[in-house]
Amino acid sequence: MGMLHRHDGRPVRYERNDAYFQWRRIDRIRENYSEQEIVEALSETIDEIEDYREQFDADDPDDVSLVKASRDMATEDAWEALSEWKTLERSAALLDAARRDHPAAGGTPGHIDA
């Protein structure tokens, strides 16, 4: 099914095919949501990402030092915020991929769990 890559040898090793799972998530977004819903969710996600960029004065969560961020807030709060930011970045990439090749079909309303 393409979910794993087989590496021959002794013992035989298997590696998860992350591209398959990413494709599957994008495909599910396309199946379950209209293009308008995807665009709205993407817009909201981008707004949240911008808030984190302003809060941490950085373009990417990997550019932020947890040590420096902990000067302004509790370490756990900084770590949680940076983790959420990374999750939003991944969600935005999935939603954008779904938007680019979205079929002309309807969808169901609701929250998109990208």
Side-chain angles (χ1 to χ4, degrees):
M1 292 180 65
M3 295 170 52
L4 301 172
H5 294 292
R6 179 185 169 123
H7 297 281
D8 292 327
R10 287 202 160 168
V12 174
R13 293 180 314 122
Y14 295 92
E15 178 184 359
R16 177 182 153 139
N17 180 0
D18 290 329
Y20 169 81
F21 290 99
Q22 180 176 351
W23 167 82
R24 187 65 191 126
R25 289 185 77 189
I26 292 166
D27 193 52
R28 284 187 180 151
I29 292 169
R30 288 181 189 145
E31 288 175 1
N32 294 318
Y33 301 96
S34 70
E35 187 170 5
Q36 180 179 352
E37 290 170 322
I38 292 170
V39 169
E40 288 172 4
L42 179 58
S43 178
E44 291 171 9
T45 302
I46 289 171
D47 289 343
E48 291 181 54
I49 289 170
E50 284 301 317
D51 290 343
Y52 281 117
R53 287 180 177 160
E54 289 177 20
Q55 178 182 353
F56 290 101
D57 192 29
D59 291 329
D60 189 86
D62 291 332
D63 296 339
V64 178
S65 165
L66 187 57
V67 173
K68 289 182 182 177
S70 296
R71 293 177 188 160
D72 298 328
M73 63 178 65
T75 303
E76 294 82 12
D77 293 340
W79 180 82
E80 187 175 317
L82 293 170
S83 295
E84 174 67 19
W85 186 4
K86 280 187 177 187
T87 300
L88 289 168
E89 293 281 355
R90 287 191 296 269
S91 294
L94 291 170
L95 289 165
D96 190 45
R99 177 203 56 84
R100 282 184 266 130
D101 287 325
H102 195 284
T108 37
H111 174 72
I112 297 178
D113 183 19

Non-hydrogen atoms of [X] and [Y] that approach each other most closely:
| X | Y | result |
| --- | --- | --- |
| Leu66 | Ser70 | O-OG, 2.7 Å |
| Leu42 | Ala92 | CD1-O, 3.6 Å |
| Pro61 | Lys86 | CG-CG, 3.5 Å |

Residue list, side-chain contact (heavy atoms from CB on, under 4.5 Å) with [X], at least two apart or on another chain:
| X | result |
| --- | --- |
| Glu48 | Glu84, Leu88 |
| Glu44 | none |
| Ala58 | Asp63, Val64, Trp85 |
| Asp77 | Met73, Ala74 |

Hey, what do you get for [atom1] ([X]) to [atom2] ([Y]), rounding to the nearest 0.5 Å?
| X | Y | atom1 | atom2 | value |
| --- | --- | --- | --- | --- |
| Ile38 | Asn32 | CD1 | CG | 9.5 Å |
| Leu95 | Ile46 | CG | CD1 | 9.0 Å |
| Glu80 | Thr75 | CD | OG1 | 12.5 Å |
| Asp60 | Glu89 | CG | CD | 6.0 Å |
| Thr45 | Arg90 | OG1 | CZ | 12.5 Å |
| Arg6 | Asn17 | CZ | CG | 15.5 Å |

Taking atom [atom1] as the centre, does [X] end up with more than 12 heavy-atom neighbours from other residues, nucleotides or ligands that are less than 6.0 angstrom away?
| X | atom1 | answer |
| --- | --- | --- |
| Trp79 | CH2 | no |
| Arg13 | CZ | no |
| Gln55 | CD | yes |
| Asp57 | CG | no |

Can you label the angle between the Tyr20 ring and the Trp23 ring as parallel, tilted or perpendicular, going by 30° and 60°?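 Tilted, since the angle between the ring planes falls between 30° and 60°.
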Excluding sequence neighbours, so at least two apart, what forms side-chain hydrogen bond (donor to acceptor under 3.5 Å, both in side chains) with Arg28?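 Partners of Arg28 by the side-chain hydrogen bond (donor to acceptor under 3.5 Å, both in side chains) criterion come out as none, since no residue qualifies.
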For Arg71, what residues pass the side-chain hydrogen bond (donor to acceptor under 3.5 Å, both in side chains) criterion, not counting sequence neighbours?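 Testing Arg71 for side-chain hydrogen bond (donor to acceptor under 3.5 Å, both in side chains), a comparison that skips the adjacent residues, returns none.
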Keeping the roles fixed (side chain from Ser43, backbone from Val39), state whether a donor-acceptor pair exists under 3.5 Å.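 The answer is no, because no donor-acceptor pair under 3.5 Å joins these two groups.
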Close side-chain approach of Ile29 and Arg99, heavy atoms under 4.5 Å: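 No. Closest side-chain heavy atoms not under 4.5 Å.
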